K.L.:
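Following this message is one structure expressed as structure tokens.
This is a predicted model, so every value here is computed, not measured. In what follows, every chain begins at residue 1, and chains take the letters A, B, ... in the order their sequences are listed.
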There are 2 protein chains.
Amino acid sequence: MTQATLARTLRRDAAENREAILAAAKALLRRDPDASLEAIAQSAGLSRRAVYGHFANRDELVSEILTAGAERITAALVATAHDDPRIWLALIAARLWDEVEDVRVMAQLAVRGPFRDRVGAALAPLRSALRENVGCGIREGMLRRDMPADTLARLLEDSVISVLDEATRRELSSADGHRLVMLAALSTAGLSWRESAVLIDATPALAHDDAHQHPTHADYQQHPTHGAAHQHPTQAAR
Amino acid sequence: MTQATLARTLRRDAAENREAILAAAKALLRRDPDASLEAIAQSAGLSRRAVYGHFANRDELVSEILTAGAERITAALVATAHDDPRIWLALIAARLWDEVEDVRVMAQLAVRGPFRDRVGAALAPLRSALRENVGCGIREGMLRRDMPADTLARLLEDSVISVLDEATRRELSSADGHRLVMLAALSTAGLSWRESAVLIDATPALAHDDAHQHPTHADYQQHPTHGAAHQHPTQAAR
DNA sequence: ACGAACCTGCACACTACTGTGCAAGTTATC
DNA sequence: GATAACTTGCACAGTAGTGTGCAGGTTCGT
């Protein structure tokens, strides 16, 4: 029969179901790292029993999400370099915004459960790069000098996670989220909000490239109408 | 039959054990909101069975911690007012630092479990006060104008929680933590790190008052010489 | 020193979740 | 349309946690 033996006769709908499980798991684990397989399966439109047809056990499912997420993130960040540590920071933040979904799952799993260590290990290179750039930025006087580099590095991590959460909660457009994440990172790094805006607008590399927009909610207004006098240079959203 | 019937004959060591349970629960719940009663009891030096002599069930134990924490926090923040929204923010942040332990437990319980709503309700007045001051600060041009007030308010919340976590992790002195929390809040609010330092140093109300120090690690240097130019003392951990 | 308050240890029932086996049904694919 | 792949549903065992009852020991208070 055909050329089966080696070529896994993987049925098409089975692959779809596998993806559905992964998607549902990501969605639920993002809110509760201890979500039950029952809930995940149901959310994916399958029975709990069926999940074990795709993953040997709960750990394997989570691990799959974990390593895939780590790969996407590091792939998105690799080869990110810039002389100016401020711009480097903004770049990293912006690229994390392009991978929000995965970043948020990783962040959730990094805090609790037996996966803490593995997530930490997967993100180690990124952490050391951050640490490196922060130290460099402090030495060169481009970042805040009023706290130790380690502390600043960690605050930057948390800051980005927070704003990523908030951005998805508000279902910001791709462009708005892009800008907001950079603003938050630069603020934490010590810049004033005006300095941040100037820096962002003066740096073409930080402009929003909507090649890979996330369908958070479809395109949206450029700027959520914030009552009073608008400031915000509004940059060419192109 | 002394005069008992009404006067609760509450034994002394029993009260101590009750406190030990609460303390242990706070310590464990801060790291894992689902910590088992077994673990809590053991950490308090008691058997699991004994816990049920003090609390009817798990929920009641957690609720006790919750309401006590909410009371301490709101008590510490009540009657905090200032014309300058920036200073108001720094004041709130600093006073939260004085209640770090409770704040961190609350923050942990606010995210997960069936207590989310109750914590949210308990902190509602604080949230609305924050929202109020942020809106006012934006209108007056003292806070950043580049994002909606709601977003800024939430980022401020997360920012303070993050730095509180980091400060305890590093076992900062009372004075260092005091300053760090204010710096983080002001940064998120849009000030540059130099502006923040100037504002803090120019405002007597924001000076560190070590009347109520938390014994995070024993008294430490007062550290008045923060200087705008040189490195932060950082303390050598232990 | 006496009694009551408190703690321990154990047993037990109950709930919720994981992981597995198997029979029977459904569906993609050749 | 036949077959293998996939799914379902159920039953079952195992784990971990909660909440309760009770017998017997320890310790506080008077």
Side-chain angles (χ1 to χ4, degrees), chain A residues 1-25 27-29 31-66 108-109 112-115, chain B residues 1-25 27-29 31-66 108-109 112-115:
Chain A
M1 62 260 277
T2 74
Q3 68 297 358
T5 42
L6 279 178
R8 263 283 197 258
T9 43
L10 195 65
R11 238 164 69 173
R12 199 183 61 252
D13 62 335
E16 289 170 8
N17 285 338
R18 187 187 164 92
E19 291 309 311
I21 294 172
L22 285 169
L28 294 200
L29 293 176
R31 294 191 317 157
D32 176 12
D34 300 323
S36 72
L37 278 191
E38 182 72 51
I40 294 175
Q42 181 182 338
S43 166
L46 295 183
S47 70
R48 182 176 71 96
R49 190 62 185 80
V51 176
Y52 290 95
H54 296 280
F55 305 92
N57 50 39
R58 195 178 192 282
D59 264 34
E60 197 175 279
L61 168 58
V62 182
S63 291
E64 184 105 355
I65 294 175
L66 219 67
Q108 190 62 249
L109 294 177
R112 287 167 48 71
F115 307 97
Chain B
M1 64 282 280
T2 64
Q3 69 293 358
T5 43
L6 280 179
R8 264 283 200 255
T9 43
L10 194 65
R11 234 163 72 173
R12 197 184 62 250
D13 64 336
E16 288 171 9
N17 284 338
R18 187 188 165 91
E19 291 309 310
I21 294 171
L22 285 169
L28 294 199
L29 291 177
R31 293 190 317 157
D32 176 12
D34 300 323
S36 73
L37 278 191
E38 183 72 51
I40 293 174
Q42 180 181 339
S43 167
L46 295 182
S47 69
R48 182 176 71 95
R49 190 61 184 82
V51 176
Y52 289 97
H54 296 281
F55 305 93
N57 49 40
R58 196 179 191 284
D59 265 35
E60 196 175 277
L61 168 58
V62 182
S63 290
E64 185 104 354
I65 294 175
L66 219 69
Q108 189 63 249
L109 295 177
R112 286 167 47 71
F115 305 98

K.L.:
Going by heavy atoms in the side chains, are B:E64 and B:R18 under 4.5 Å from each other?
P.N.:
yes
K.L.:
Within the structure, does a side-chain N or O atom of B:H54 lie under 4.0 Å from either OP1 or OP2 of C:dC7?
P.N.:
yes
K.L.:
I need the CG-C1' distance between A:L28 and C:dC17, as an integer number of Å.
P.N.:
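Rounded to the whole Å, the gap is 15 Å.
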K.L.:
Could you check whether any side-chain heavy atom of B:V62 comes within less than 4.5 Å of a side-chain heavy atom of B:F55, counting everything from C-beta outward?
P.N.:
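They are not in side-chain contact.
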K.L.:
Starting at CG of B:L66, measure out to CG of B:L61 and round the result to the nearest 0.5 Å.
P.N.:
10.5 Å
K.L.:
To the nearest Å, give me how far apart CZ (B:R18) and C1' (D:dC28) are.
P.N.:
19 Å
K.L.:
Between A:Y52 and B:L46, which is nearer to the 5' end of DNA chain C once each is assigned its nearest nucleotide?
P.N.:
B:L46
K.L.:
Mind calculating the distance between CG (B:L61) and C1' (D:dG19) to the nearest angstrom?
P.N.:
14 Å
K.L.:
With a cut-off of less than 4.0 Å, is there a side-chain N or O of B:N17 near OP1 or OP2 of C:dC7?
P.N.:
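Checking B:N17 against C:dC7: at least one side-chain N or O falls below 4.0 Å of OP1 or OP2.
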K.L.:
Using heavy-atom distances to pick each residue's nearest nucleotide on DNA chain D, tell me which of B:D59 and A:R49 is more 5'.
P.N.:
A:R49
K.L.:
How long is the line joining CD1 of A:I21 and C1' of D:dT7, in whole Å?
P.N.:
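About 11 Å, once rounded to whole Å.
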K.L.:
D:dT20 P sits how many Å from B:N57 CG, rounded?
P.N.:
7 Å
K.L.:
Does a sphere of radius 6.0 Å around CD in A:E60 hold more than 12 heavy atoms from other residues, nucleotides or ligands, not counting ones at 6.0 Å or beyond?
P.N.:
yes
K.L.:
Which heavy atom of A:A14 sits nearest to which heavy atom of A:H54, and what is that distance?
P.N.:
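So the minimum-distance heavy-atom pair works out to O-CE1, 3.2 Å.
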K.L.:
To the nearest angstrom, how far is A:R48 atom CZ from D:dC10 atom P?
P.N.:
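Roughly 12 Å, once rounded to whole Å.
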K.L.:
Looking at A:A44 and A:A20, what are the two nearest heavy atoms and their distance?
P.N.:
CB-O, 3.7 Å
K.L.:
Could you tell me whether the side chain of B:L46 reaches within less than 4.5 Å of the side chain of B:I40, counting heavy atoms only?
P.N.:
no
K.L.:
Is any side-chain nitrogen or oxygen of A:R12 closer than 4.0 Å to OP1 or OP2 of C:dT29?
P.N.:
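Answer is yes, contact under 4.0 Å.
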K.L.:
Please confirm whether the backbone N or O of B:D59 pairs with a side-chain atom of B:S63, one donor and one acceptor, at under 3.5 Å?
P.N.:
yes
K.L.:
Round to the nearest Å and state the distance from B:R58 atom CZ to D:dA16 atom C1'.
P.N.:
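For the pair B:R58 CZ and D:dA16 C1', the rounded distance is 13 Å.
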K.L.:
Tell me which residues in residues 32-45 of chain A put a heavy atom below 4.0 Å from DNA chain D, sorted by number, or none.
P.N.:
A:G45
K.L.:
Nucleotides 23-27 of chain D: which of its N/O atoms have a protein N/O under 3.5 Å away?
P.N.:
residue, atom, partner, partner atom, Å
D:dT27, O2, B:R11, NH1, 3.1

K.L.:
What's the separation between atom CZ in B:R58 and atom CG in B:D34, rounded to the nearest 0.5 Å?
P.N.:
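CG of B:D34 is found 6.5 Å from CZ of B:R58.
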